[in-house]
Every structure is written in structure tokens, then in C-alpha cells.
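Convention: sequence-line order gives letters A, B, ...; per-chain numbering from 1. Quick caveat: nothing in here was measured; it's all calculated off a predicted structure.
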There are 2 protein chains.
Amino acid sequence: MMKINKNLTISEVSEFSGVAGSALRFYEKKGLIHSTRTSGNQRRYHSSMLRRIALIQVAQSVGFTLEEIILELESLPMNKTPTKRDWERVANKWQADLEDKMKRMQFLKDNLAGCVGCGCLSMKKCQLLKPNDFVQKQGIWHPKVNQ
Amino acid sequence: MMKINKNLTISEVSEFSGVAGSALRFYEKKGLIHSTRTSGNQRRYHSSMLRRIALIQVAQSVGFTLEEIILELESLPMNKTPTKRDWERVANKWQADLEDKMKRMQFLKDNLAGCVGCGCLSMKKCQLLKPNDFVQKQGIWHPKVNQ
DNA sequence: ACTTGACTTAAAGTTAACTTTAACAATTAT
DNA sequence: ATAATTGTTAAAGTTAACTTTAAGTCAAGT
């Protein structure tokens, strides 16, 4: 049975986090996570790394790339449990980015709604679905819609 | 100067939509868009294809993969201007999927907020940041936070 | 001590969504 | 008519985010 507070092996971290060992090694190469080594060169992870990995997972699930996540997490310390301030900094930054993304989605959703609601599909008004002014001016964008 | 309602060449479609010609050919191979051919085998696009391409762009911008977009758009006719019903079917389907995505993001955002608001970072309560029960039970998940 | 299972690395393979290249054909402008 | 531009294909290259493989090393149980 596992001891509390021992350093975790890669397969333990993999099991707990649901992230494949190969991916953990890959993340480490990218500088996203960190491990220490045993005398025999095997990786050992501090338990705080689990939280960091969970954050990475969540960030990915909402569409952040690993490069973006590196930026999001760069102010979170690797080796110590983050302080409240560390955490706040990261969470605020992340929330702002999330808010951005959501605003864009809401905009798209609203415009779609407009298109559906209106009889002629609102193509003339729909900012979303006009590739550019040229098309609009040439009148090739919104031909008659078959009813 | 371009005539209204003529069939569009690939470079015209590319200019209007902002999508590279190579991407348009790629989309066609995937079955996302459609073109007719001149006697000399060059592609010509109906203007309604511009709207379809714009839809593809927008869908991609909110994180749908091309495979997902193929599914979203499969009930939109390729060769004719879509009817109101065609359009409604697609828009409703798409809106539902968007709503799903947004709900997930909101959930994540809320949980992040909880983590920030609480003194101990709410790790024990935060569903989001617990990889699984095991970790929680072993007490390795939420070690003391440095203040 | 020894065997089995877990771990290590480097390098090659995978999928998505394209782009680039090469070699050649069709259109358009003069 | 001819040059310049635009288009065609197939095949190889690109980036992200990994996985798989190969060949060898370490750690744990008996």
C-alpha cells in the first residue's frame, strides 16, 4: 500500500491523473511539469505535481494549447506547493482568458440565433456570416433563399 | 471587374473568404465543399459556397474539428441555396453543440472562482481539481498551502 | 540472487489540418 | 499568337500533441 507523502513514481502519477506516462515525459520535456530523479535515474514526482497536471488537463479540455498553458502556468512554482498569491495570479489570468473565449462563443451563438429567427435568415445583418465587404457589395453573398 | 452571379474561380473564393486555395482543395477532398469544373478541368464555385465556407470558418473558430463540421453541415445542401428549413436544422444542431461547450466552460470557470475565493483554495471541495477519489483518500491531494 | 515488472532514452510513427513543391495545363491579357 | 497568370494533381513536408518501438536499466518480491 502506498505511503502518504512519498514521492510518486511515473506510473502512480499516471494512474492518479489519467495521463499516460509517455505524455508525462513529453510534458516534462516541454517544461510543463517537473520531477526529481532517484540514484538510478528514475523519475519521482512531488504530490503537488498532481494538481499542476490536473490544471493542465482542464485547460486543455477548454481548448488551450500546451504553449498557451505554459504561459498560463509559468508563474506557478514547480517545486513548492503554491501560495495563495501564486494561485490567485494564475487563476485570475486563466479566468480572463476563459471569459474571452466565452464571449466569442456567445457572440457566435447570438448571431446564429439571429440567422434562424429572421425570415430571410438575416444574412444581410449577420456580421458572422459575411466573409467581407466585397462580397456584400457585389451582392453575391445573400442570394434569395428558397422558401 | 467581376460579374455578379458568375461562377467563382478558386482564387476569387480564396480572396473573398480568406481561405487559401490549397485549403479549399483540401476541404473539397474531405467532402466539405463542392465545385463544378470547366471544360479545362478548373474549379468553379457557386456563390452559395461562400456562405458554407464562412460557416466552416466560424465553426472552426469555436473549436469544432473538420470531422465535427462535416457532421454539423451534412444536412446543408451543397448545390442549391439552402431553404429556411435546411438552415434551421443546421443552426439548431450547431447551437445545441455550442451550448454544451459553453456549459462546460462555465463550469470550469465557476470552479476556478471557488478555488480563488476560498482561503485554503477550496481544493477539498473543488471537483475540478481532484484527479480522482484515490488521491483524495490518501490525503496527498490537498497538502497545506503556504500562506 | 534472480526474475519479473517498471523505468529510461532516442527515434520513428500517428492524426489533424493544412502548406509546399514539382511538373504540367488552362485562361487571360496584350 | 504568345506571354503571363492562374489552375491542376500527386506527393511530400509541417506543427501539435502525443504514442510506439527498441534496446537496454532499475527496483521489488521471493
For dA27(D), does either OP1 or OP2 sit under 4.0 Å from a side-chain N or O belonging to Thr38(A)?
-> yes
Could you tell me whether Glu28(B) and Arg37(B) have a side-chain N and a carboxylate O separated by less than 4.0 Å?
-> yes
Distance, nearest 0.5 Å, that separates CD1 of Ile70(A) from CG of Leu32(A) = 4.5 Å
Reading nucleotides 2-21 of chain C from 5' to 3' and marking B where a protein heavy atom lies under 4.0 Å of the base, S where only the sugar-phosphate is that close, and - otherwise, the string is ----SSBB-------BBBB-
Applying side-chain contact (heavy atoms from CB on, under 4.5 Å), run through Glu12(A) and Thr9(A) and close with a yes or a no.
-> CA-CA 5 Å; Glu12(A) 284 165 342; Thr9(A) 65; 3.3 Å; yes
For Arg25(A), all residues meeting side-chain contact (heavy atoms from CB on, under 4.5 Å), sequence neighbours excluded = Ile10(A), Arg43(A)
For residues Val19(B) and Val13(B), determine if any side-chain heavy atom of one lies less than 4.5 Å from a side-chain heavy atom of the other.
-> no
